[in-house]
**Student:** 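If you scroll down you'll find the structure; I have some questions about it.
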Number of protein chains: 2
Amino acid sequence: MKQDRPKISDVARLAGVSTATVSRVISNPGLVSEDTRATVQEAIRASGYRLNQAARNLRHRRTGGIVALVPNLANPFFSQILSGIASVLGPAGYNLLVADTRSAGADMLLDYAEPSRADGLIVLDGTLPAAALAGRVPVVLACEWVPGLSAPRVKIDNRAAAAMAVNHLADLGHRRIGHVTGPQGNVLSDARQSGTAEALAARGLTLAPDAVYPGDFSLDSGQRAAAQWLAQPVEQRPTAVFLASDEMACGFIGEVQRHGLHVPQDVSVIGFDDIELIAHISPPLTTIRQPRAAIGRLAAERLLAQLNGQVEPDDTILPVELVLRASTAALLL
Amino acid sequence: MKQDRPKISDVARLAGVSTATVSRVISNPGLVSEDTRATVQEAIRASGYRLNQAARNLRHRRTGGIVALVPNLANPFFSQILSGIASVLGPAGYNLLVADTRSAGADMLLDYAEPSRADGLIVLDGTLPAAALAGRVPVVLACEWVPGLSAPRVKIDNRAAAAMAVNHLADLGHRRIGHVTGPQGNVLSDARQSGTAEALAARGLTLAPDAVYPGDFSLDSGQRAAAQWLAQPVEQRPTAVFLASDEMACGFIGEVQRHGLHVPQDVSVIGFDDIELIAHISPPLTTIRQPRAAIGRLAAERLLAQLNGQVEPDDTILPVELVLRASTAALLL
DNA sequence: CTGAAAGCGCTTACAG
DNA sequence: CTGAAAGCGCTTACAG
């Protein structure tokens, strides 16, 4: 299209040196004498030369890109993680490519795990097939993880986090405690549900089957869980509910309020994630905060470390935090 | 790293043909006889050959990537737009690269507008300098736009959308109508504020200076606006407020409720965007819906059209929709 | 229909 | 410290 883009040979001609020297001035100036360097730099300036990354990458047999595989790009939960990833990838000279695994086919995934496509992968979707990812470009798993795939993981302790939520409710005197789960087959759902059951058991309580409401992290599923809860007899239904995501908690509270009941008077509600908005709803939501930006940053750092040859397959577990707001209260006797 | 990745010459040797023929089988099979094609395809299969995109791109003088320049990746507003963009770019064989313009320096932006970095740009940040973007790779502006930069725009009619909001409030009998603005210097803020003033004027009402509250689209700024509103004398302050974003509306409502007042009884509130969550808060928020996924899809399509040589510098204006929920009500006399 | 050869724009041992 | 030359892995006019 543009024949005017100067290339390295144009600069070389202008400066009266070889292309090798120009290349050195660009990528390893220490190798070049001060005089030559100045001449070349002037020629670069004068010609308006800009490095062609694609050519350099081909030569280096790398792509300069890192792909983030996200289950659902439209879900705001991931935007802050991406933001964290971008904040370390950019300065390190890598492009961040994003792909939505829900809308991409299986063959697309294979393409993304191609060394010619990306130098590494940050996988945020635990439902991907391990086989498609194994033995290809370096991978880091963030938040979710792919069972059977050995790769560094950057995550929180979901069991312990769930226990934290449950203990908070139990500390407030609640004994009938319910749980709204994440989607079936999701590693996070499982971990949070077992964490819930274990924490209850540790306090002599049980997670009754009719106190477990199936959800899928979405607002709508939280609303449906509330409908189920509302349909139960008052003396049987949980007085406090731990939901595996803030979105669900938001949907739950909205539905409960729509039926004239009050949070936390009629039911205490605790969520998970600490997405920004839920601090501003009424009542502000008590929740477990996940350090999303930090997860993104660390995942990116782990991947860069791998690319630089450091081998560190250990998991990184980030701390969560109980954020107390107004949606939970002591059980009224 | 891996010496085992077969290249086109390996396949050629295996099939007993030239590399040119292999290349043709891959990218233009019609040019090759059926027999040869079968032999080559078998050799590809047997060798496990996969095309090296970087090399093809260098040869084609393209990168295969489109960069989306987002003001703030952590803001959920953009995730659905990105999702729309990704849904058309993927099938068209392009990678979606994302960059956060807030965290990237000015020189980084120049890099992104490099033909060696990306084949095109989707700009979602109207505050970027036109000079940095002009005369470089093809650009499409989405949502926001850069004044003075001539490029196709995919957006809504922000003035008309603001008028829609204001008219709804006026139809409910409100006469003192307030407005919480977006950030200073943002093209959307300006358009929505003038739309508000014009619509009021058209009905014989005015936008009083003390009924304009400065915001920046964020939750916190909505909360601050509410504090300002609460500090005004009851008989002077607006009975209805139009906020330039849902996040601000959410912050506004939360603060008003925290002070014991009720929405919409004490003040009607209408937002902008229709982000998912605000349908589930109490009261559910009346708002103006922006078709975010469609904006993303269309922006991507316009860009692909440009890349294919179609010239169409016209703007695409997408329709908005008034979504009636419970946060607005008739003025009580 | 097929092949030899040049070239996309860089980088880097290898000499000197 | 610098240059000539090969090569990263493809594609595509040009011949035949």
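Order of the sequence lines sets the chain letters (A, B, ...), proteins ahead of strands, with each chain counted from 1. All values derive from a computational prediction rather than experimental measurement.
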**Student:** Rounded to whole angstroms, how far apart are CD1 on B:I44 and P on D:dC10?
**Tutor:**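 Checked: the CD1 to P distance equals 10 Å.
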
**Student:** Measure the CD1-CD1 distance between A:I122 and A:I85 for me, rounded to the nearest 0.5 Å.
**Tutor:**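 Going from CD1 on A:I122 over to CD1 on A:I85, the span is 4.0 Å.
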
**Student:** Output the single nucleotide from D:dT11, D:dG3, C:dG9 whose closest atom is nearest the side chain of B:T19.
**Tutor:**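 Closest nucleotide to the B:T19 side chain: D:dT11.
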
**Student:** For A:R37, which contact category applies under a 4.0 Å heavy-atom criterion: base, sugar-phosphate, or nothing?
**Tutor:**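 Nothing, no heavy atom under 4.0 Å.
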
**Student:** Within the structure shown, what part of the strands sits under 4.0 Å from A:S23 by heavy-atom distance: base, sugar-phosphate, or nothing?
**Tutor:**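 Base contact.
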
**Student:** Are more than 12 heavy atoms from other residues, nucleotides or ligands located less than 6.0 Å from atom CG of A:N28?
**Tutor:**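 For A:N28, atom CG is crowded (more than 12 foreign heavy atoms under 6.0 Å).
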
**Student:** Look at A:R61 and D:dC8 and indicate whether a side-chain polar atom (N or O) is within less than 4.0 Å of OP1 or OP2.
**Tutor:**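 Indeed not, no polar side-chain atom of A:R61 lies that close.
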
**Student:** What does C:dA13 pair with, Watson-Crick or G-U, if both distances are under 3.5 Å?
**Tutor:**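 For C:dA13, the partner nucleotide comes out as none, under the 3.5 Å rule.
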
**Student:** Phosphate oxygens OP1/OP2 of D:dT2: is one of them under 4.0 Å from a side-chain N or O of A:S33?
**Tutor:**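 So the side-chain polar atoms of A:S33 do come within 4.0 Å of the phosphate oxygens OP1 or OP2 of D:dT2, strictly under.
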
**Student:** Map A:R24 and B:H60 onto DNA chain C by nearest heavy atom, then report which one ends up closer to the 5' terminus.
**Tutor:**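 Of the two residues, B:H60 wins.
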
**Student:** Verify the distance criterion only: is there a donor paired with an acceptor across the side chains of B:T63 and B:D119 at less than 3.5 Å?
**Tutor:**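 Checked: B:T63/B:D119 side chains pair up, N/O donor to acceptor below 3.5 Å.
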
**Student:** Atom CG of A:L31 and atom P of C:dC14: how far apart are they, to the nearest Å?
**Tutor:**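 From A:L31 CG to C:dC14 P: 15 Å.
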
**Student:** Relative to the 5' end of DNA chain D, which residue comes earlier, B:S9 or A:S18, by the nucleotide with the nearest heavy atom?
**Tutor:**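 It is A:S18 whose nearest nucleotide is closer to the 5' end.
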
**Student:** Can you tell me the distance, in whole Å, between the CG atom of A:N57 and the C1' atom of C:dG9?
**Tutor:**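 These atoms are roughly 12 Å apart.
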
**Student:** Is the shortest side-chain N/O distance from B:T21 to OP1 or OP2 of C:dG3 below 4.0 Å?
**Tutor:**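 Checking B:T21 against C:dG3: at least one side-chain N or O falls below 4.0 Å of OP1 or OP2.
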
**Student:** Just how far, in rounded Å, is P of D:dT11 from CZ of B:R62?
**Tutor:**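 After rounding, the gap between these two atoms is 11 Å.
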
**Student:** Tell me the interatomic distance from B:R5, atom CZ, to D:dC8, atom P, rounded to whole angstroms.
**Tutor:**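 So the two atoms are 14 Å apart, to the nearest Å.
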
**Student:** More 5' along DNA chain C: B:A20 or B:L58, using each one's nearest nucleotide?
**Tutor:**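 Result: B:A20.
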
**Student:** On a whole-Å scale, what distance lies between the P atoms belonging to D:dA6 and D:dT2?
**Tutor:**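 After rounding to an integer number of Å, I get 23 Å for this pair.
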
**Student:** Under the criterion side chain to side chain contact (heavy atoms under 4.5 Å, CB included), I'd like the reasoning laid out for B:I8 against B:I26: C-alpha separation, chi angles, the key distance, then a yes or no.
**Tutor:** CA-CA 10 Å; B:I8 225 170; B:I26 293 163; 4.0 Å; yes

**Student:** Take atom CD1 of B:I8 and atom C1' of C:dA4, then tell me their distance rounded to the nearest Å.
**Tutor:**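 Result: 15 Å.
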
**Student:** In whole angstrom, give the distance that lies between atom CG of A:N52 and atom P of C:dG7.
**Tutor:**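 It works out to 17 Å between those atoms.
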
**Student:** Describe the nucleic acid contact of B:I26 in one word from base, sugar-phosphate, nothing, applying a heavy-atom distance below 4.0 Å.
**Tutor:**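 Nothing: the residue B:I26, judged by heavy atoms under 4.0 Å, touches no strand.
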
**Student:** Which whole-number value in Å describes the distance from A:R59 CZ to D:dC10 P?
**Tutor:**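 That distance rounds to 15 Å.
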
**Student:** Hey, is A:R13 close enough to A:D10 for a salt bridge, meaning N to O under 4.0 Å?
**Tutor:**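 The answer is yes: the pair qualifies as a salt bridge.
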
